[in-house]
Number of protein chains: 2
Amino acid sequence: MSLSETLSALSDKNRRHILDTLKKGEMPVSLIAKDMDITLPTLSHHLDILKRNKLISSRREGQQIIYSLNLSVVEEAAESIMKFLKK
Amino acid sequence: MSLSETLSALSDKNRRHILDTLKKGEMPVSLIAKDMDITLPTLSHHLDILKRNKLISSRREGQQIIYSLNLSVVEEAAESIMKFLKK
DNA sequence: TAGATAGTTAGATGTATATCTAAATAATAT
DNA sequence: ATATTATTTAGATATACATCTAACTATCTA
């Protein structure tokens, strides 16, 4: 993923909220949705964007789809951003 | 400026190019425009966005308008982003 | 004061994106 | 098989944004 796309992904407050939530550990969509004031389709859309940017991963477990943070990718993104801002 | 707005400002490649260019020192628009493949109005638009986010400043000097990087604000932005990504 | 130079502002256009409702898919339970 | 639960996909809408050309403003110079 390009830096532009990563920064764009991070620029949305709802998506940052999702990442924050997933820092507590992997969890299904229904749990992520708790205390987010958006519909499930909208949440699904944001999850898709984060996934396309590799910031999160998902796996199915029964009826649920469990999302988890890709910590290493987030770290790499942080590196890239720092590298740009501080260089 | 909010983190969302700052990240959004940074998510555009042309705007990052402008910031990169201004790291070399303050300069007029005409110089920033060198080796950027966009029209002056488009450049002006990007400068305006960076300015609204306080990442750069400008002053008039005769016919020219000199832009300069607000290093402290860029540093603060870096801090905010790190604070979010690493927390 | 007229013309040239440096940039911005106005207005139009096309594309991207955040959001919603409704419909579809997948897995489980009855 | 049917209904229920969990989530995604489709389709519509409204807003934001990057870009351009044309017109404007400000400054300097002849």
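Protein chains get the first letters and strands the later ones, always in sequence-line order, with residue 1 at the start of each.
Remark: P of D:dT29 and CD of B:Gln63 are 7 Å apart, rounded to the nearest angstrom. Between A:Leu40 atom CG and C:dA26 atom C1' there is a gap of 15 Å when expressed in whole angstrom units. Taking atom CD of A:Glu61 as the reference point, atom C1' of C:dA27 lies 13 Å away to the nearest angstrom. One atom, CG of B:Leu43, and another, C1' of C:dT8, lie 11 Å apart when rounded to the nearest Å. Residue B:Leu47 contributes atom CG, which lies 12 Å from atom P of D:dT19 at whole-angstrom precision. Nucleotide C:dG7 holds its P atom 8 Å from the CD1 atom of B:Ile32, rounded to whole Å. Whole-Å rounding puts the B:Lys13 NZ to C:dA16 P distance at 17 Å. Atom P of nucleotide D:dT7 and atom NE2 of A:His45 are separated by 18 Å, given to the nearest angstrom.
Distances shown here put a side-chain N or O of B:Ser44 below 4.0 Å from the OP1 or OP2 atom of C:dT8. Distances shorter than 4.0 Å separate none of the side-chain N or O atoms of A:Thr42 from OP1 or OP2 on C:dA18. B:Tyr67 has a side-chain polar atom (N or O) that falls below the 4.0 Å cut-off from OP1 or OP2 of C:dT8.
Sequence order on DNA chain C of the closest nucleotides to A:Gly62 and A:Ile38 puts A:Ile38 first from the 5' end. When each of A:Pro41 and B:Asn14 is assigned the nucleotide of DNA chain D with its nearest heavy atom, A:Pro41 is the one assigned upstream, toward the 5' end. Toward the 5' end of DNA chain C, the nearer of the two residues A:Arg60 and A:Thr39, judged by each one's closest nucleotide, is A:Thr39. Nucleotides of DNA chain D nearest to B:Ser8 and A:Ile66 differ in position, and the one nearer the 5' end is that of A:Ile66.
Under 3.5 Å, the side chains of B:Thr39 and B:Thr42 contain a donor-acceptor pair of N or O atoms. No hydrogens or angles considered: nothing links the side chains of A:Glu5 and A:Ser8 as a donor-acceptor pair under 3.5 Å.
Residue contacts for A:Ile65: at a heavy-atom cut-off of 4.0 Å it reaches the sugar-phosphate backbone alone, with no base atom in range. At the heavy-atom level, A:Ile49 lies under 4.0 Å from the strands shown only through sugar-phosphate atoms. Within the nucleic acid shown, B:Asp48 has no heavy atom closer than 4.0 Å to any nucleic acid atom. When heavy atoms are screened at a 4.0 angstrom cut-off, A:His46 is found touching the sugar-phosphate backbone but no base atom. Contacts of B:Ser30 with the nucleic acid, taken as non-hydrogen atoms under 4.0 Å apart, involve only primed sugar atoms and P, OP1 or OP2.
Distance check, rounded to the nearest 0.5 Å: CG of B:Leu50 to OG of B:Ser58 gives 11.5 Å.
With a 4.5 Å cut-off on side-chain heavy atoms, A:Ser11 and B:Ser11 do not count as touching.
Scanning both residues, A:Leu47 and A:Ile56, for their nearest heavy atoms gives O-CD1, 3.5 Å.
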